[in-house]
Amino acid sequence: QVDVTAMARLFGYVDVTDSGFVAAVLSIAFNPLFWNVVARWEHKTRALSRAFGSPHAACYCLGAVILMLNGVRSHCFTEAMKSQPKLESLDCRWAYYSGLAILAVGTLFVVSSFLALGFTGTFLGDYFGILMEAKVTSFPFSVLDNPMYWGSTAIYLGWSLM
C-alpha cells in the first residue's frame, strides 16, 4: 500500500486549470521539441543552410529563434509562478536565499557553458555541420555532463523557491 496523502497535499498547491500554468507547461515542452525537430531536419536536408546561404547564417537564425522562445518560456514560467498558491513553509528568508544561491549556481553553469561552447556550439551548430576543433573538457564540462541543462534546471528551481 502506498500513502498518497503527501502527494495529494502537494497537488493542492498547484492549480492545473490556471491558463498561465498551462502556457508554462506547453512552452516548457514545446521548446526542446521544436529545436530538436528543426535541427534534425536541417541535418537531413540542409534546407535552412541553403535558404540562408550558409550554415553559419542558418545556425545564427535558429539560435535567435531559440533565444526568443526561451524568453517566452521564461515569461510564461514567471507568470505561472506568480499565479500559483505558495507553500507557507517557503515564504521565509532561508527559502529566498536558498533559491537565490541555486539560481546563481545555475547561472554560472549556463554562462560558463555558453562561453566554452560559443554561439554555434550552444545553438546546435553540429547539426549544421559546424564542428568544434576538439571536445570541450574545461569548466563546467569538467564538473558535470550537460551543464547547460543542469544550469537551466537550477535557474528555474531557484526562481521557484524565490
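Sequence positions, counted from 1, serve as the residue numbers for this chain. Atoms considered below: every heavy atom in the structure, side chains included; atoms not considered: hydrogens, waters and symmetry mates.
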Locate the shortest heavy-atom distance separating [X] from [Y]; write the atom from each residue and the value.
X	Y	answer
Ala57	Ser54	N-OG, 3.0 Å
Met162	Lys86	O-NZ, 4.0 Å
Ser49	Pro55	OG-CA, 3.3 Å
Ala116	Val136	CB-CG1, 3.8 Å
Gly125	Cys59	CA-SG, 3.7 Å
Phe109	Pro147	CB-O, 3.6 Å

Distance (rounded to the nearest 0.5 Å) between [X] [atom1] and [Y] [atom2]:
X	Y	atom1	atom2	value
Tyr156	Leu161	OH	CG	15.0 Å
Leu103	Ser98	CG	OG	12.0 Å
Asn36	Tyr127	CG	OH	5.5 Å
Phe123	Phe128	CZ	CZ	11.5 Å
Asn70	Ser152	CG	OG	7.5 Å
Asp91	Glu88	CG	CD	8.5 Å

Residue Phe30 excluded, over 12 heavy atoms near CZ under 6.0 Å: yes
Cluster question for you: counting only ILVMFWY and a side-chain heavy-atom cut-off of under 4.5 Å, with indirect links fine, are [X] and [Y] together?
X	Y	result
Val65	Trp35	yes
Ile102	Met148	no
Phe34	Val37	no
Met68	Phe52	yes
Met81	Tyr96	yes

Test log, rule side-chain contact (heavy atoms from CB on, under 4.5 Å), inputs Ser113 and Phe141: CA-CA 7 Å; Ser113 295; Phe141 296 91; 4.3 Å; yes
Judged by atom type as modelled, is there a donor-acceptor pair below 3.5 Å linking the side chain of [X] to the main-chain atoms of [Y]?
X	Y	result
Ser74	Gly71	no
Glu42	Leu48	yes
Asn31	Arg73	no

Worked check of side-chain contact (heavy atoms from CB on, under 4.5 Å) between Trp150 and Ile155: CA-CA 9 Å; Trp150 284 110; Ile155 288 170; over 6 Å; no
Parallel, tilted or perpendicular, as decided by the 30° and 60° cut-offs, for the rings of Tyr60 and Phe119: parallel
Do [X] and [Y] come within less than 4.5 Å of each other through their side chains, counting heavy atoms only?
X	Y	result
Thr137	Ser142	no
Asp15	Phe21	no
Phe139	Leu108	yes

Derivation and outcome, side-chain contact (heavy atoms from CB on, under 4.5 Å), residues Leu124 and Val38: CA-CA 10 Å; Leu124 307 167; Val38 170; over 6 Å; no
